[in-house]
2 protein chains.
Amino acid sequence: MKKSKFGELLKTVGLKKTKHRLLLLDLLHQHDEFLSADDLFLRAKAIDDSISLSTVYRILDSFIECEIVSPVSLDDQKQLFYELKHEEHAHHLICTRCHKVIHVHSCPVHDFEEEIQLEHHFHVEKHKLEFYGVCEECMENEKETV
Amino acid sequence: MKKSKFGELLKTVGLKKTKHRLLLLDLLHQHDEFLSADDLFLRAKAIDDSISLSTVYRILDSFIECEIVSPVSLDDQKQLFYELKHEEHAHHLICTRCHKVIHVHSCPVHDFEEEIQLEHHFHVEKHKLEFYGVCEECMENEKETV
DNA sequence: CTCAATGCAAATCCTTTGCATACCT
DNA sequence: AGGTATGCAAAGGATTTGCATTGAG
C-alpha cells in the first residue's frame with residue numbers, strides 16, 4: 001500500500017484524515033517489527049513534536065475499532081504491540097533475540113480447523129500461530145561471539 | 001499429577017515447600033481455564049485468608065523461572081494469565097464468550113517448522129497456536145437466546 | 001539458626017479519562 | 001458552525017519493590 005493511499009484508507013473506514021493519524025499509519029507501515037504505543041509515540045514525536053502519548057493510544061484504539069490495526073500481546077511482555085493488518089492472512093516468526101518479526105503467508109492450519117470443529121464441537125472464528133526462535137542475523141552473530 | 005505430588009515437584013525444581021505454593025499449584029491444577037494473578041489471589045484467599053496479592057505474583061514468578069508455569073497473554077486483555085505447563089505439547093481452543101480453554105494435543109505444525117527453517121533460515125525454538133471461537137455450550141446458549 | 005518467603009504499603013509502569021482548546025469537513 | 005480530535009494532567013489497573021517479620025530446612 002502506498003503512503004498516498006492512507007488518506008483514502010481513513011476515508012473508507014470513516015475516520016477523519018488528521019496529520020497524526022496519517023503519521024501513525026506511515027510509521028506502522030514502515031516498520032515490520034511489532035511496535036508498542038510508546039515506540040510509536042517516540043518515533044512520531046521525533047517527526048512531529050506536537051503529538052502526545054494519549055493521542056497515540058486514542059488513535060490506536062480507533063484503528064483497532066476500524067480493524068485496520070491488530071493488537072498483539074507477547075507472553076513475556078506486559079505491554080501491547082500493534083501492527084497494520086495485512087490483506088493476506090499471515091503468521092509471524094518472532095526473533096527472541098532482536099525482536100524482529102518476519103511474516104509468513106502460507107498457513108498449515110486451515111484443514112486442522114475442520115478437525116477441531118468436528119472433534120471438539122468448537123466453532124473456530126480465528127487462529128493465531130506464532131513461531132519463536134532465532135533469525136538468520138542473530139544466528140550469525142551468536143556464531144561469531146562464541 | 002496427584003495433589004500429593006506437588007511437594008515433590010517443588011523439591012525437584014529447588015523451591016521450598018510452603019503452604020502458599022502448594023495452594024497455588026493445587027488451584028492451577030484444578031482449573032482448566034487461564035487464570036490471572038487476581039483470579040488466583042481471590043480463590044486462594046477464600047481458602048487461606050492470610051495470603052497476599054504480592055505473594056501470588058512472587059510465587060508465579062518463581063514458577064515461571066522454574067518452568068513449571070507458563071504465562072499466557074491474550075490480545076484483548078491487558079493482564080497476564082497463567083497455566084501449569086503440561087507434560088504434553090498442547091494447543092488451546094479459547095472461547096471468546098465464556099473464556100473457557102480446551103486443550104488439544106494433536107499438532108499440525110511440526111512439519112511446517114522445517115519448511116520455515118529452510119525457507120526463512122529462521123531457527124524455530126517453539127511455537128504457539130491458539131484458536132479463538134465459540135465453544136459448544138455457548139453455541140447452544142446463543143441458539144436459545146436468538 | 002539462617003536465609004528465603006511473606007505481608008503490607010508505597011512505588012512503578014502502562015493505559016485510560018476529564019476537560020478545555022484546536023482542527024477537520 | 002458543529003462536532004470530533006487533541007494536549008495536558010490526573011486517575012486507574014496491573015505488577016513490582018522495600019522493609020520488617022515469619023517460617024522452612
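Computed from a predicted model, the values in this text were never measured in an experiment.
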### Message
Check this one for me: any side-chain N or O of A/His20 less than 4.0 Å away from OP1 or OP2 of D/dA5?
### Response
no
All side chain to side chain donor-acceptor pair (under 3.5 Å) counterparts of [X], not counting sequence neighbours:
X	answer
A/Glu65	none
A/Lys126	none
B/Thr96	none
A/Gln30	A/Asp26

### Task
Provide the start and end nucleotides, 5' to 3', of the part of DNA chain C that has atoms under 4.0 Å from heavy atoms of chain A.
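Using the under 4.0 Å cut-off, the span is C/dC14 to C/dT25.
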### Task
Five pairs at each end of the helix from C/dC1-D/dG25 to C/dT25-D/dA1: take the axis at both ends and give me the angle between them to 10°.
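Taking the rotation axis at each end, their angle is 40°.
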#### Entry: 5'-most by nearest nucleotide on DNA chain C - A/Ala37 or A/Lys17
A/Ala37
Counterpart residues, side chain to side chain contact (heavy atoms under 4.5 Å, CB included), relative to [X] (two or more places apart):
X	value
B/Asp48	B/Lys19, B/His20, B/Leu23, B/Ser50
B/Lys85	B/Glu67, B/Ser70
A/Ser73	A/Leu80, A/Lys128, B/Ser73, B/Asp75
B/Leu53	B/Asp38, B/Phe41, B/Tyr57

Report the distance from atom [atom1] of [X] to atom [atom2] of [N], rounded to the nearest whole Å.
X	N	atom1	atom2	value
A/Leu22	D/dA5	CG	C1'	13 Å
A/Phe41	D/dT6	CZ	C1'	13 Å
B/Leu40	D/dA14	CG	C1'	14 Å
B/Gln79	D/dG12	CD	P	18 Å

### Task
Hey, can you tell me if A/Phe131 and B/Phe112 have their rings parallel, tilted or perpendicular (30° and 60° cut-offs)?
tilted
### Task
Give every residue pair that meets the ring-ring contact (aromatic ring centres under 6.0 Å, His included) criterion with at least one member in residues 64-91 of chain A, sequence neighbours excluded.
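For residues 64-91 of chain A, and leaving out neighbouring residues, the ring-ring contact (aromatic ring centres under 6.0 Å, His included) pairs sorted by first residue read A/His86-A/His103, A/His89-A/His91, A/His89-A/His110, A/His89-A/His127, A/His91-A/His127.
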### Message
Quick check on contacts: within residues 49-65 of chain A, what sits under 4.0 Å from DNA chain D by heavy-atom distance?
### Response
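A/Ser50, A/Ile51, A/Ser52, A/Ser54, A/Thr55, A/Arg58, A/Ile59, in order of number.
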### Task
Might you point out which heavy atoms bring A/Lys17 and A/Leu10 nearest each other, and give the distance in Å?
CA-CD1, 3.9 Å
### Message
Using the side-chain heavy atoms of B/Lys16, tell me which of these nucleotides is nearest: D/dA14, D/dG7, D/dA24.
### Response
D/dA24
